[in-house]
Amino acid sequence: PQGVLMTSGAFLMSALSLALSKTHFPSRLKNCPPNLGALFANARGNDATFLVYEDERYTFNEIHQQVRKLAAYLVDHGATRGTRVALAMRNYPEWVVGYWATVSIGAAVVGMNAWWTAPEMEYALNDSDPVVFVGDDERLERLAQVPERPGMHVVAVRSDRVIPANGARWSDVMATADPGSLPVVD
């Protein structure tokens with residue numbers, strides 16, 4: 001199957017490994033970023049290709065801009081340090097952006113298995129109580145089978161289906177003005 005050039009999980013695990021290695025082996029990795037936020041910040045201002053998905057190519061700068069826009073949307077819709085954001089989709093570039101934006105504001109990612117059935121999704125949503133659900137078309141179809149969660153905002157990724165009144169399309173979130181920086185969250 002086609003996917004991203006470097007999977008989001010591999011990228012994040014590499015970054016986490018570097019950050020942990022710096023803690024355990026500081027003399028060997030003294031120039032390593034101390035955390036994921038610093039690693040992401042170091043990638044700004046770069047027009048090199050960051051991510052490839054099928055025939056789509058994204059530069060570091062393009063992804064940074066998407067992260068800033070999504071992070072602002074998340075904060076505007078109740079996500080902050082300690083809250084949760086559910087990511088439910090295939091290995092799309094939007095998953096990488098969703099993860100990055102969520103951890104950048106201090107919220108926790110609820111990674112929902114793309115193979116889960118509607119009852120499994122319902123259990124996970126009840127257990128984690130996310131303030132925002134970011135999902136692709138197939139996961140939105142399953143979400144429609146779950147009792148409505150009035151306080152949860154929905155972001156529809158690569159989907160033309162009808163979305164809840166408290167939802168937005170990814171394209172609409174990305175059409176907003178670039179805030180220029182990540183929101184400051186206490």
Side-chain angles (χ1 to χ4, degrees), residues 1-20 35-37 39-40 50-56 58 63 66-67 69-71 73-75 77-174:
Q2 295 183 19
V4 295
L5 183 63
M6 177 179 212
T7 65
S8 52
F11 170 75
L12 294 169
M13 289 309 295
S14 296
L16 184 58
S17 295
L18 282 173
L20 291 174
N35 56 47
L36 286 176
L39 176 75
F40 295 149
F50 171 71
L51 192 139
V52 174
Y53 176 77
E54 296 183 344
D55 62 345
E56 302 169 24
Y58 300 91
I63 295 296
Q66 288 185 23
V67 167
K69 289 178 179 186
L70 182 59
Y73 177 89
L74 294 175
V75 169
H77 291 86
T80 187
R81 187 173 308 281
T83 61
R84 287 163 294 287
V85 174
L87 299 179
M89 67 186 86
R90 295 178 50 198
N91 289 338
Y92 289 129
E94 293 86 350
W95 192 97
V96 175
V97 173
Y99 188 96
W100 188 345
T102 301
V103 300
S104 292
I105 61 170
V109 172
V110 178
M112 300 187 74
N113 188 319
W115 291 100
W116 280 349
T117 62
E120 291 167 321
M121 284 180 67
E122 179 180 5
Y123 177 86
L125 292 171
N126 288 337
D127 188 53
S128 62
D129 194 29
V131 294
V132 179
F133 176 96
V134 183
D136 65 6
D137 190 64
E138 189 174 341
R139 269 39 66 179
L140 290 171
E141 180 181 350
R142 292 180 199 153
L143 182 65
Q145 301 169 38
V146 171
E148 187 176 337
R149 304 181 62 81
M152 183 179 75
H153 295 272
V154 174
V155 178
V157 173
R158 298 177 187 250
S159 175
D160 291 328
R161 78 177 53 250
V162 175
I163 55 175
N166 63 342
R169 297 196 183 288
W170 183 269
S171 57
D172 294 333
V173 174
M174 293 302 121

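One is the number of the first residue; the rest follow in order along the sequence. Everything quoted here is computed from the prediction, not taken from an experiment.
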TODO: Say whether, by atom type as modelled, one donor and one acceptor occur between the side chain of Asn166 and the main chain of Gly151 under 3.5 angstrom.
DONE: no

Task: Nearest atoms (heavy-atom pairs only) where Val134 meets Trp170 - done: CG1-CZ3, 4.2 Å

Task: Euclidean distance, Thr83 OG1 relative to His77 NE2, rounded to 0.5 Å - done: 13.0 Å

TODO: Validate the cation-pi geometry between Arg158 and Tyr92: distance from NZ or CZ to the six-membered ring centre under 6.0 Å, angle to the ring axis within 45°.
DONE: yes

- [ ] Go through Asp129 and Arg149 one step at a time and tell me if the salt bridge (Lys or Arg N to Asp or Glu O under 4.0 Å) criterion holds.
- [x] CA-CA 9 Å; Asp129 194 29; Arg149 304 181 62 81; 2.9 Å; yes

- [ ] Specify the closest pair of heavy atoms between Ser104 and Val67, including all atoms of both residues, with the distance to one decimal.
- [x] OG-CG1, 4.4 Å

Task: Distance, nearest 0.5 Å, that separates CG of Asp160 from CZ of Arg169 - done: 6.0 Å

TODO: Would you give the length of the straight line joining atom CG of Leu143 to atom CD1 of Ile163, rounded to the nearest 0.5 angstrom?
DONE: 11.5 Å

- [ ] List the atom of Ala101, the atom of Ala71, and the distance in Å for their closest heavy-atom pair.
- [x] CB-N, 3.8 Å

Open item on the list: Please check: side-chain N/O of Lys69 versus main-chain N/O of Met174, any donor-acceptor pairing under 3.5 Å?
Closed with: yes

Task: Smallest separation among heavy atoms of Gly98 and Leu70, with atom names - done: CA-CD2, 3.5 Å

TODO: Can you see which heavy atom on Trp116 is nearest to which on Arg142, and at what distance?
DONE: O-NH1, 2.7 Å

Task: Side-chain heavy atoms of Pro130 within contact of Leu125, under 4.5 Å - done: yes

Task: Positive for side-chain contact (heavy atoms from CB on, under 4.5 Å) with Val155, one of Val85, Leu87, Leu140, Val132 - done: Val132

Task: Spacing of CZ belonging to Arg139 relative to CZ belonging to Phe133, to within rounding of 0.5 Å - done: 8.5 Å

- [ ] Kindly give the heavy-atom pair with the smallest separation between Tyr53 and Pro93, and that separation in Å.
- [x] CB-CG, 3.5 Å

- [ ] With rounding to the nearest 0.5 Å, note down the distance linking CE in Met112 to CE in Met121.
- [x] 4.5 Å

- [ ] Report the C-alpha distance between Val97 and Tyr58 in whole Å, list the side-chain angles of each, state the deciding distance to 0.1 Å, and finish with yes or no for side-chain contact (heavy atoms from CB on, under 4.5 Å).
- [x] CA-CA 11 Å; Val97 173; Tyr58 300 91; over 6 Å; no

Open item on the list: Quick check for you: to the nearest 0.5 Å, what is the distance between Ile105 atom CD1 and Leu74 atom CG?
Closed with: 4.5 Å

